[in-house]
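Note on naming: letters A, B, ... go to the chains in the order of the sequence lines (proteins, then strands), and numbering restarts at 1 for each one.
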Amino acid sequence: MDFIEIEKKWNEKWEKDNLYKFNNKNLEKKYYLLEMFSYPSGASLHLGHWWNFGLSDSFGRFKRLQGYNVFQPMGFDAFGLPAENYALRTGIHPEDSTRHNIQIMEKQLKELGATFNWEYELVTCNPDYYKWTQWLFVQLFKKGLAYQKEAPVNFCPTCNTIIANEQVVNGHCERCDSEIVHKNMRQWFFKITAYADELLSGLDKIDWPEKTKALQRNWIGKSVGAEVDFYTENGLKLTVFTSRADTLFGVSFLVIAPENPLTEKLITKENETAVKEYISQAAKKDEIERTSSTSPKTGVFTGSYVINPLTNEKVPVFVADYVISTYATGIVMGVGAHDERDFDFAKKYGLEIKRVINSKDAKERDLPFTEYGILCNSGEFDGLESLEAKTKIVEKLEKMGKGRFKTNYRLRDWSVARQRYWGCPIPIIYCPKCGTVPVPEKDLPVKLPHICDYKPEGEGPLGKCEEFMNTTCPVCGGKARREADTMDTFVDSSFYMLRYPESLHNDKEIFSRDYVNKMLPVDCYVGGVEHATGHLLYSRFISKFLRDLGVLDFDEPFQRLIHQGMILGSDGRKMSKRNGSKTADDYVKEFGSDALRLHMMFSLKYIEGGPWSDDGIKHMKAFMERVERICLKWSKLEENSNNYSQVEKDLDYSLNKSIKDIAENMEEFSFNVAVARLMELVNAMYKYDLVENKNVELCKKVVKDLIILMSPATPHFAEELWEQIGEQYSVHNQKYPACDESKIVLDEIEIAIQINSKIVTRLNIATDLSNEEILEVVKKDAKVAECLIDKTIVKEIVVPKRIVNLIVK
RNA sequence: GCUGGUGUGGCGGAAUGGCAGACGCACAGGACUUAAAAUCCUGAGUUCGCAAGGACGUGUGGGUUCGACUCCCACCACCAGCACCA
């Protein structure tokens with residue numbers, strides 16, 4: 001079979017027939033399968049694309065065979081920095097290069113032979129798409145969830161734009177690896193923190209990998225504790241956050257972050273020079289140095305004292321850069337005996353170290369430490385467990401008006417504005433009279449102008465385009481200016497799964513409520529784990545917001561999530577142009593796409609990935625040819641023997657067991673095992689082929705079922721073979737074969753016989769025998785009887801169809 | 001440091017607490033062939049043994065169990081994410 005030739009032939013026919021058309025009228029058995037859409041880079045599809053799209057497509061084909069009405073749309077995440085940076089290098093306008101790349105990628109994705117529903121294609125840089133990105137912004141703005149504030153932001157000096165926390169990797173820009181600088185800027189944020197608790201609790205009801213849930217929990221970083229107010233002698237309030245209110249008795253100092261605005265007010269004249277010097281030094285340190293847990297904890301005394309609200313003790317206030325100004329209140333209470341950092345700090349500056357413990361425990365344990373002062377919880381709190389003490393203490397502070405229960409999150413609001421050109425314009429108008437006004441929905445989209453001076457200079461390049469910037473205020477009609485920034489591309493992708501079902505069929509609303517609630521949530525979402533704390537978190541947030549807006553009945557967009565492992569270079573490192581000598585295209589030309597796909601399915605675990613090796617591809621081709629030979633031979637057999645003895649039973653067993661196992665393994669994305677089962681079935685066929693008078697009826701059934709079973713993995717090959725054995729087009733419209741359970745129940749099975757848990761022999765035993773009957777047969781066996789001479793059986797264990805274990809003395 | 005994951009032949013990798021190593025690669029042998037390739041068949045964890053057979057085997061050490069790759073405890077190694085979060 002000429003694999004290259006047949007691929008061309010069937011790809012053309014399938015496209016012409018629109019074979020995989022999604023039936024949007026009958027949603028009873030719909031299955032929404034989504035692969036994370038990709039960025040249209042101009043390069044040809046690499047092995048990673050095949051791995052991602054090809055294999056999840058096989059899963060989709062499997063669901064189709066099972067009778068599901070599979071919706072598998074495809075689109076492009078088309079805005080973003082790479083096109084723009086490419087444009088700055090080459091002078092080719094981002095719009096032109098992006099459109100061009102999309103065309104190339106569409107063509108290649110079609111060659112992959114996947115069942116994508118192209119008629120629903122979505123491209124985020126099209127005005128009919130980003131109209132809804134802007135609509136979303138306006139809705140968030142109206143609910144107060146899109147807001148501006150002056151805040152420290154991550155600024156990438158190379159990309160010349162702000163980026164979100166989620167896009168900073170080890171203090172560096174995830175795109176260009178430049179070191180991030182921190183600036184205070186007035187910026188747009190989405191208030192994702194309003195949903196922090198829900199984003200946590202929602203994780204419990206979705207079928208996601210534990211790893212990903214853990215990443216999100218970690219990222220949200222919920223910390224339950226309390227705020228406590230300390231006052232200086234002249235009445236200035238310093239509020240600290242603590243998760244250990246029970247150690248309040250042991251506070252011997254307070255530490256405030258250098259950037260905290262209150263710091264200024266705490267500095268006394270005598271300490272002014274030292275503190276100012278310290279602060280300016282701290283400002284010079286880079287992010288890594290500041291936030292590394294191994295950095296030494298240094299600080300300086302401000303000269304001020306505060307009063308501990310519980311003990312009325314006078315406590316000194318220090319400035320130290322190990323306190324993070326953006327987390328909680330930016331002020332921390334120092335308890336030397338209960339926190340390693342506080343301990344280091346207290347030792348260094350000769351501060352008191354007091355261990356807080358209730359007097360009972362102190363007496364019971366002969367406490368070994370000598371360097372700590374021991375302080376028992378006094379009076380009303382003494383004798384309480386730490387948890388109880390925490391509660392009681394905060395309750396008391398609450399009554400005094402000097403403390404309260406408080407939960408903090410590590411999660412920050414999502415910074416969404418980008419000072420770049422190639423993105424979705426923020427639909428906001430600044431009017432000198434009316435202030436910040438959203439663009440009315442009827443005026444959307446605010447189109448991105450096709451400008452040529454898009455060089456980023458730290459401010460939105462759109463600001464240089466007067467025709468764009470000058471507008472009228474939708475409220476008063478006076479002269480006004482537009483927002484010059486564009487949106488983070490993660491806003492574009494935060495709702496695309498909601499828009500897909502009617503991307504080209506509904507331009508009146510983002511989606512019709514009834515329809516979207518029938519189509520979603522996505523039944524299975526496939527993509528890389530690298531989006532765990534970015535896209536996947538943003539999408540969940542936006543869904544929850546749209547639920548609150550009353551347009552969605554659900555709030556978790558992805559019911560099931562599968563991460564593919566990464567496919568690495570043969571050296572085990574990240575795939576790059578250098579270590580991959582051959583491209584996916586080379587393999588397709590040499591062996592065909594089916595062989596490539598089959599090889600990928602079989603040679604590595606999909607969930608785990610691993611180093612790429614092309615060793616097996618030629619064997620996959622050989623395997624297909626092996627299948628072809630036996631199928632063609634059997635399809636031509638004529639004289640039926642009507643035999644149905646053990647050999648036929650064996651073949652029938654293999655067939656039905658394969659049908660069952662392959663379904664189970666496909667469902668779990670264990671493609672390697674599913675392919676192994678296919679091979680076992682083929683081996684069984686070759687074994688039966690040696691039999692002389694064959695049961696041709698059975699042979700033909702096996703051939704048909706085998707081809708159907710192979711069709712998700714090798715779609716072109718299966719279609720061609722289907723035609724060659726004289727079946728009617730198309731194999732992809734067949735039903736997944738039913739497993740005849742009666743055929744996988746064997747009459748007789750080999751059981752291992754153990755004496756004292758050690759195998760002494762194996763016996764064939766009829767499966768319909770009772771445990772007692774089995775024991776009888778076993779004991780009669782010569783070998784077993786020999787072992788039992790002079791022994792007494794103390795226990796008999798029979799595991800039907802598996803093991804007989806006799807415990808003897 | 002915290003969180004999650006992984007650890008099985010020469011390699012990729014199988015195994016609802018029940019015969020570890022399915023399936024495949026690489027390897028060896030046989031058949032076909034003048035020969036090779038392709039194909040078909042067979043063998044194979046390691047080790048001792050001519051063999052029958054024995055011993056040892058799923059990162060390490062314990063435990064539970066008639067029985068542990070699988071469950072529990074401790075530890076080691078590697079990978080990933082977070083990391084001075086109070």
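Using atom P as the reference point in both B:G18 and B:A51, the two lie 33 Å apart (nearest Å). If you take atom P in B:C11 and the same atom in B:G45, they sit 15 Å apart, rounded to whole Å. To the nearest whole angstrom, the two P atoms, one in B:U8 and one in B:A52, are 31 Å apart.
If you look at A:Tyr409 and A:Trp219, their ring centroids are not closer than 6.0 Å. Remark: aromatic rings of A:Trp51 and A:Tyr606 are close, center separation under 6.0 Å. You'll find the ring centres of A:Phe318 and A:Phe345 inside the 6.0 Å limit.
Which of B:C23, B:G81, B:C40 sits closest to the side chain of A:Leu215 comes down to B:G81. With distances taken from any side-chain atom of A:Tyr686 to the nucleotides B:C40, B:C66, B:A86, the minimum falls on B:C40. Closest to the A:His619 side chain, of the nucleotides B:G18, B:A86, B:A26, is B:A26. The side chain of A:Arg410 has B:C82 as its nearest neighbour among B:C23, B:C82, B:A14. For A:Phe241, counting side-chain heavy atoms from C-beta on, the closest listed nucleotide (B:A22, B:A86, B:G18) is B:A86. For A:Ile803, taking side-chain heavy atoms from C-beta onward, the closest of the listed nucleotides B:A14, B:C85, B:G18 is B:G18. Counting only heavy atoms from C-beta on, A:Asn672 has its side chain closest to B:A14 among B:C40, B:A86, B:A14. Minimum atom distance to the side chain of A:Thr242 is reached by B:A86, of the listed B:A22, B:U39, B:A86. With B:G24, B:G13, B:A86 as the candidates, the nucleotide lying closest to the side chain of A:Met679 is B:G24. Counting only heavy atoms from C-beta on, A:Arg802 has its side chain closest to B:U16 among B:C23, B:U16, B:U39.
As judged by a 4.0 angstrom heavy-atom cut-off over every strand, A:Glu340 is placed among residues making no nucleic acid contact. Contacts of A:Glu796 with the nucleic acid, taken as non-hydrogen atoms under 4.0 Å apart, are absent. Residue-level contact check: A:Ala676 touches the bases, meaning some heavy atom is under 4.0 Å from a base atom. At the heavy-atom level, A:Ala622 lies under 4.0 Å from the strands shown only through sugar-phosphate atoms. Heavy atoms of A:Asn805 sit under 4.0 angstrom from at least one base atom. Using a 4.0 Å heavy-atom distance criterion, A:Asn408 is classed as making no nucleic acid contact. Here A:Lys213 lies out of heavy-atom contact (under 4.0 Å) with every strand. As judged by a 4.0 angstrom heavy-atom cut-off over every strand, A:Lys657 is placed among residues making no nucleic acid contact.
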Side-chain donor-acceptor contacts of residues 800-809 of chain A below 3.5 Å, not counting sequence neighbours, with atom names and distances?
{"residue": "A:Asn805", "atom": "OD1", "partner": "A:Ser757", "partner atom": "N", "Å": "3.0"}
{"residue": "A:Asn805", "atom": "ND2", "partner": "A:Gln754", "partner atom": "OE1", "Å": "3.3"}
{"residue": "A:Asn805", "atom": "ND2", "partner": "A:Ser757", "partner atom": "OG", "Å": "3.2"}

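Within the 4.0 Å cut-off from OP1 or OP2 of B:A86, at least one side-chain nitrogen or oxygen of A:Ser223 is found. Checking the phosphate oxygens (OP1, OP2) of B:U6, no side-chain nitrogen or oxygen of A:Lys211 falls inside 4.0 Å. Residue A:Arg626 places at least one side-chain N or O closer than 4.0 Å to OP1 or OP2 of B:C40. Taking 4.0 angstrom as the limit, A:Asn683 places a side-chain polar atom (N or O) nearer than this to OP1 or OP2 of B:G24.
Comparing A:Leu690 and A:Val673, the nucleotide of RNA chain B nearest to each residue sits closer to the 5' end for A:Val673. Each of A:Ile797 and A:Met333 was matched to the nucleotide of RNA chain B holding its nearest heavy atom; the match closer to the 5' end belongs to A:Ile797.
For B:G9, the base adopts the syn conformation, since its glycosidic angle falls within 90 degrees of zero.
In this structure a side-chain-to-backbone donor-acceptor pair under 3.5 Å is present from A:Asn308 to A:Leu310.
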Residue pair A:Lys633, A:Asp689: steps toward the side chain to side chain contact (heavy atoms under 4.5 Å, CB included) verdict = CA-CA 10 Å; A:Lys633 181 176 174 192; A:Asp689 197 46; 2.7 Å; yes
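Counting distance only, with no hydrogens placed and no angle test, the side-chain atoms of A:Asn218 and the base atoms of B:C82 include no donor-acceptor pair under 3.5 Å.
Rounded to whole Å, atom P of B:G13 lies 16 Å from atom OH of A:Tyr606. Rounded to an integer number of Å, the gap from A:Met566 CE to B:U6 P is 18 Å. Taking atom CD1 of A:Ile607 as the reference point, atom C1' of B:U6 lies 14 Å away to the nearest angstrom. In this structure, CG of A:Leu604 is placed 13 Å from C1' of B:G24, rounded to the nearest angstrom. Computed from coordinates, the A:Leu536 CG to B:G81 P distance equals 16 Å when rounded to whole Å.
Aromatic ring orientation, A:Trp634 versus A:Tyr688: perpendicular (interplanar angle above 60°, classes split at 30° and 60°).
The neighbour count for A:Lys213 NZ, taken as heavy atoms of other residues, nucleotides or ligands under 6.0 Å away, is above 12.
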